[in-house]
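Each chain gets a letter, A, B and so on, in the order the sequences are listed, and its residues count up from 1.
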Amino acid sequence: MENKKNIIEKSYNASSTEQKIYDFWENNKFFKFDEKSKKKVYTIVMPPPNITGALHMGHALDLTLQDLVARYKRMTGYEILWIPGTDHAALSTEAKVVEMLKKRGVSKTKLGYEKFMEECLAWKNKYGNKITQQIRKLGASCDWSLERFTLDKGCSKAVNEFFVRLYNKKLIYRGKRIVNWCPNCNTSISDIEVDFKESESELVYLKYFLHNDAKKFLVVATTRPETIFGDVAVAVNPSDERYQNFIGKEVIVPISGHKIKVIADEYVDKNFGTGVLKVTPAHDFADFEIGQRHNLENVNIINKNGTLNEKCGNYSGLITSKARKTIIDELESKNLLVKKEKIKNNVGKCSRCNCTIEPLISTQWFLKMESLAKPAIKVVEDKSINFVPERFSKIYMHWMNNIKDWCISRQIWWGHRIPAYYCKDCEHITVSPNKIDFCEKCKSKNIFQDNDSLDTWFSSALWPFSVLGWPEIPEKFLRCYPTDLVITGYDIIFFWIARMIFSSIELTGKIPFKNVVIHGLVRDAQGRKMSKSLGNGIDPIEIIEKYGVDALRLTLVTGLTLGNDTRFSEKKIEGSRNFINKIWNAARFLKISNENIISKIEFENLSIYDKWMLNKLSNTIQEIQKNMEKFEFGMTIQKIHSLFWDDFCDWYIEFSKIDFKNNLSNLNTCCYVLCEILKILHPFIPFVTEKIWSFFNNNALAISNYPEFNSNFNYEQDSKCVENIIAIIRAIRIKRNEMNTPHNKKINIFISTKFEDLITKNSDKIKKIADVNNIYINKKINDDKILTCALDFANIMIPLQDLTNQDELNLKLKKELEDLRIRIDKNKNLLQNKNFIEKAPTDVVENIKNNLNSDEKKYSVLLNRFNPEPKN
RNA sequence: GGGAGCAUAGCUCAGUUGGUUAGAGCGCUUGCUUUACACGCAAGAGGUCACAGGUUCGAAUCCUGUUGUUCCCACCA
């Protein structure tokens, strides 16, 4: 016995096993994409994680789901192309590197462009490696020989090509426009990188005196009085009767003293404040548009570091928030302030650093969206691209329909440098995919490249096809594009999914992927977002070290519904650990029962229990394959859980135990079923299933094929017999429990039934599992104190001398009878309803009839409880 | 202001096209160390499926409204 125990250790040690198994897979090229393979290809786009930090729970979920599909598809006969990679994360990485340099006492500008880029590259090598190791730890079955980076040569080539083509089509343009400026990051950012947060602001009412009429003034309400130096007009609604006389006249801006016109514009809301709006086109998006409509000048008064500039007199050099306070004081002292009131409004914050955004005029590169959006809308509308869950297509559509031009240039170094070259002699701009040293127009060599770089999402947008070699069109691209699947969180639909779609259509003429599977965020036990500031983040790597990655994966998928947020907690992972432990122990039990066990079915030797199990197995496989095809992972795991735990362990193994030792055929069938279960679990928990698999397959790793529905296992008749046996055992157990009969007290039972043969043949199982001493079938019972349990095919009677406690019994019986009565009446009514009989499907009606029948039988049996003569 | 989701057992959530007696995990109660597993086994308590209408033979499921709640988009100075 001691020796046998050593065959499989008493419990599974994940941490010592997982690394070895992954190495084995990788070394044996299990995940390698075979270009020559004749199989159908299934391509998954891996969202490249940022190199800025470590993988978090969101990545763990994301990669788990992808790997699940990859492994499932691989097992069902596809050639999988799943290319891993990392993202250079332009702004985030640059900020981290700047911070790191700062600690060393070095500044970015002092270091210079070349050296700084080297520092960034060193960062990438260090943290990028860490991340790819972590992706391996999660078990991702991607092809590492194809690993990419968004800033590598191929991606850069794609980016330049993209830029040049769209520039030539005039879809990329350079312009002086109002943009979101982050004074802290010192760069422009795009609209979706601004988060609006509600905050309490002060709305101040200022007097703008009429020029040439010192008695009259307009009152303007503003939350940003410090921008008055940039005022170029005052606007009222054209239909506002209060201000008709002012339109066209000039007013004097307080403190600044410059004169501006009163204009009329529909945009102005008569009901807000005083209905008079100061127009500052250089520092407000709405004002900018008013300015465009009225041909107003843009007066920039804020520096890029967030201070007021030289146009602001005494206030120049002050940071805007400070200037605001000071200027209110001055206005108050000069009696130019009418009143102040507190209001709640939304203030734009930089999504990366949370600093208040200063809208300001700046020369930037933009991508014109209108013509790109149209086909991108169409492909989702006509379902060429399929969102799962479907509702996210609405969100996508709404965004695409209201899209504005995308500001793509960033005033940072780490990223794809904009491939535009300015001629100092003729001012011509040459845009070229390759580095050039003379102006294409005047041939002057006096040129310089644009210092800015591109938004990090500009390269991510090309990821699905740039990793396939685009702009070249290699065989791989032709075969694998469009890809089949991308899985990601709903938080990056706009940043990434949307941009991949329009970029791909524009450049390749194809959609980038057929399916977009959207998952939610992983939250903590209380449902809060995991965040650094809250300190509630759970490191997936720590969890893996403690419980193993299989337990982590299983926890993330259990109960998952796509598109919804999930919660992660230590408690939940314990459930997964228990499940894995249970599988381990079931396998161990089979193996120590007989070392020669193999996965094999001897059809001629199958018992009804074997057939029942095989039937269940086959039905479940059929169901879960449908679930897997629809990406219903939570549902799949729930069904496998129930098959394994309830059917296989609690019933099938228990039935089998009785003659395990001398029935290898039965044991082998157990092994077969377990191995099939291992296969369907493998995509979810690849490591432990692989390990257990090896015990039954000559220590060889590699679960390779997915089981299929097997019509040979369609044993409905025999299954029904086993269901009946189970029903008898359950009934006995219930009564035993009701009477508080301890496990070691064996009882005698009497059964009256027409299935005498079945029960006789299987009495050993019933006796063993229900702790029964003797079973008397269709025998007269000479005791009037009897506990009766009525099934639709048998009445079970237990002499009360075997049990204890009588009073409770009557109460329970009464309740049981009442419940039965209610059901019987309900079903009787239903069957009398003509409409129901006519309109309901026949099988539903049949079921109701059967139920009514057996309920009525049960009812009469229970009523005659103390008159329990067998009535056959 | 516009849009979307959610509301089911004490907690976290499933419930796939409407169809028998609405499920799971955790927690709780009772009894068990019975030839894998106490990370286990057996049994049990606990739900007017948010509310009000409607469609239907039949509604947790479909429709309308109400309330509560979460999120996304817009950004009224």
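Checked by atom type and distance alone, the side chain of A:Asn585 pairs as donor or acceptor with a backbone atom of A:Asn581 at under 3.5 Å. Without hydrogens or angle criteria, A:Asn401 side chain to A:Met397 main chain gives a donor-acceptor distance under 3.5 Å.
Among A:Phe644, A:Phe695, A:Phe579, the single residue meeting the ring pair (Phe, Tyr, Trp, His ring centres under 6.0 Å) criterion with A:Trp584 is A:Phe695. Of the candidates A:Phe392, A:Phe494, A:Phe495, A:Phe494 is the only one forming a ring pair (Phe, Tyr, Trp, His ring centres under 6.0 Å) with A:Trp399.
Using a 4.0 Å heavy-atom cutoff across all strands shown, A:Leu277 reaches at least one base atom of the nucleic acid. Note on A:His743: a base of the nucleic acid sits closer than 4.0 angstrom, heavy atoms only. Contacts of A:Glu838 with the nucleic acid, taken as non-hydrogen atoms under 4.0 Å apart, are absent. Residue contacts for A:Arg577: at a heavy-atom cut-off of 4.0 Å it reaches a base atom on one of the strands shown.
When the P atom is used for both B:rU61 and B:rA45, the distance is 26 Å, rounded to whole Å. Only the C1' atoms considered, B:rU64 is 23 Å distant from B:rU70, to the nearest whole Å. Comparing the P positions of B:rU55 and B:rC63 gives an interatomic distance of 15 Å, to the nearest angstrom. Comparing the P positions of B:rA4 and B:rU48 gives an interatomic distance of 31 Å, to the nearest angstrom. Taking atom P in both B:rG23 and B:rC49, the straight-line distance is 14 Å, to the nearest Å. Remark: the separation of the P atoms in B:rA52 and B:rC71 is 28 Å, to the nearest Å. For the P atoms, the distance linking B:rU35 with B:rA42 amounts to 15 Å, nearest Å. When the C1' atom is used for both B:rA50 and B:rG5, the distance is 16 Å, rounded to whole Å.
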Which string of ( ) [ ] | and . matches RNA chain B, if you list each base 5' to 3' and count Watson-Crick or G-U pairs only when both distances are under 3.5 Å?
-> (((((((..((((.....[...)))).(((((.......))))).....(((((..]....))))))))))))....
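Which of B:rC37, B:rA43, B:rA77 sits closest to the side chain of A:Ile343 comes down to B:rA77. Comparing B:rA36, B:rG5, B:rC26 by their closest approach to the side chain of A:Lys571 singles out B:rC26. When the nucleotides B:rC76, B:rC73, B:rA36 are ranked by their closest atom to the side chain of A:Ala286, B:rC76 comes out on top. Nearest to the side-chain atoms of A:Asn827 among the listed nucleotides B:rU21, B:rC75, B:rC37 stands B:rU21. Of the candidates B:rC76, B:rC37, B:rC73, B:rC73 carries the atom nearest the A:Phe494 side chain, counting heavy atoms from C-beta on. For A:Lys404, whose side chain is taken as the heavy atoms from C-beta onward, the closest listed nucleotide among B:rC75, B:rA4, B:rU34 is B:rC75. Closest approach to the A:Phe589 side chain among B:rC75, B:rU35, B:rA77 is made by B:rU35 (side chain taken as heavy atoms from C-beta onward). Of the candidates B:rA36, B:rC41, B:rC26, B:rC41 carries the atom nearest the A:Asp650 side chain, counting heavy atoms from C-beta on.
Between A:Ile747 atom CD1 and B:rU34 atom P there is a gap of 19 Å when expressed in whole angstrom units. Atom OH of A:Tyr205 is separated from atom P of B:rA77 by 11 Å (rounded to the nearest Å). Rounded to whole Å, the distance from CD on A:Glu574 to P on B:rA38 is 15 Å. Rounded to whole Å, the distance from CD1 on A:Ile848 to C1' on B:rG58 is 10 Å. Distance CH2 (A:Trp399) to C1' (B:rG2): 17 Å, rounded to an integer number of Å. Nucleotide B:rC41 holds its C1' atom 9 Å from the NZ atom of A:Lys657, rounded to whole Å. Rounded to whole angstrom, the span from the CZ atom of A:Phe392 across to the P atom of B:rC72 amounts to 12 Å.
A donor-acceptor contact under 3.5 Å links the side chain of A:Lys582 to the base of B:rC37. Taking 3.5 Å as the limit, the base of B:rC57 and the side chain of A:Asn833 contain no donor-acceptor pair of atoms between them.
Regarding contacts with the backbone of B:rU21, a side-chain N or O of A:Lys826 is found under 4.0 angstrom from either OP1 or OP2. Contact annotation: A:Tyr490 side-chain N/O to B:rC71 OP1/OP2 distance is not under 4.0 Å. Regarding contacts with the backbone of B:rC41, a side-chain N or O of A:Trp645 is found under 4.0 angstrom from either OP1 or OP2. Using a 4.0 Å cut-off, some side-chain N or O of A:Asn345 falls inside it from OP1 or OP2 of B:rA77.
Qualifying side-chain hydrogen bond (donor to acceptor under 3.5 Å, both in side chains) partners for A:Glu200, counting only residues two or more places apart in sequence or in other chains: none. Legend: residues meeting side chain to side chain contact (heavy atoms under 4.5 Å, CB included) with A:Asn737, ordered by chain and number and at least two apart, are absent. Applying the side chain to side chain contact (heavy atoms under 4.5 Å, CB included) rule to A:Asp771 yields the partners A:Arg736, A:His743, A:Lys746; only residues at least two apart in sequence or on another chain are considered. Scored by the side chain to side chain contact (heavy atoms under 4.5 Å, CB included) test, A:Asn663 finds A:Ser665, A:Asn666 as partners (sequence neighbours excluded). Take A:Asp524 and apply the side-chain hydrogen bond (donor to acceptor under 3.5 Å, both in side chains) test, not counting sequence neighbours, and it matches A:Arg528, A:Asn536.
Here salt bridge (Lys or Arg N to Asp or Glu O under 4.0 Å) pairs that include residues 831-840 of chain A, with residues two or more places apart or in two chains, number zero. Judged as a salt bridge (Lys or Arg N to Asp or Glu O under 4.0 Å), the pairs with a partner in residues 218-236 of chain A (not counting sequence neighbours) are, in order, A:Arg224-A:Glu226, A:Arg224-A:Glu358, A:Glu226-A:Arg324, A:Asp231-A:Lys278. Here side-chain hydrogen bond (donor to acceptor under 3.5 Å, both in side chains) pairs that include residues 552-567 of chain A, with residues two or more places apart or in two chains, are A:Asp67-A:Arg553, A:Arg391-A:Asn564, A:Tyr490-A:Asp565, A:Arg523-A:Asp565, A:Thr555-A:Ser576, A:Thr561-A:Asn564.
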Name each donor-acceptor pair under 3.5 Å that joins a side chain in residues 338-349 of chain A to protein atoms two or more places apart or in another chain, with its distance.
residue  : atom : partner  : partner atom : Å
A:Glu341 : OE2  : A:Tyr205 : OH           : 3.0
A:Asn345 : OD1  : A:Ser201 : OG           : 2.6
A:Asn346 : OD1  : A:Glu198 : N            : 3.4
A:Lys349 : NZ   : A:Thr356 : OG1          : 3.0

Reading 5' to 3' through nucleotides 10-19 of chain B, protein heavy-atom contacts under 4.0 Å coded B for base, S for sugar-phosphate only, - for none = --SSSSB--B
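A:Ile377 approaches A:Tyr396 most closely through the heavy-atom pair N-OH, 4.4 Å.
Between A:Asp764 and A:Lys768, none of the side-chain N atoms (NZ, or NE/NH1/NH2) sits under 4.0 Å from a carboxylate O, so this pair counts as no salt bridge.
Within residues 222-230 of chain A, the residues approaching RNA chain B are A:Thr222, A:Thr223, by heavy-atom distance under 4.0 Å.
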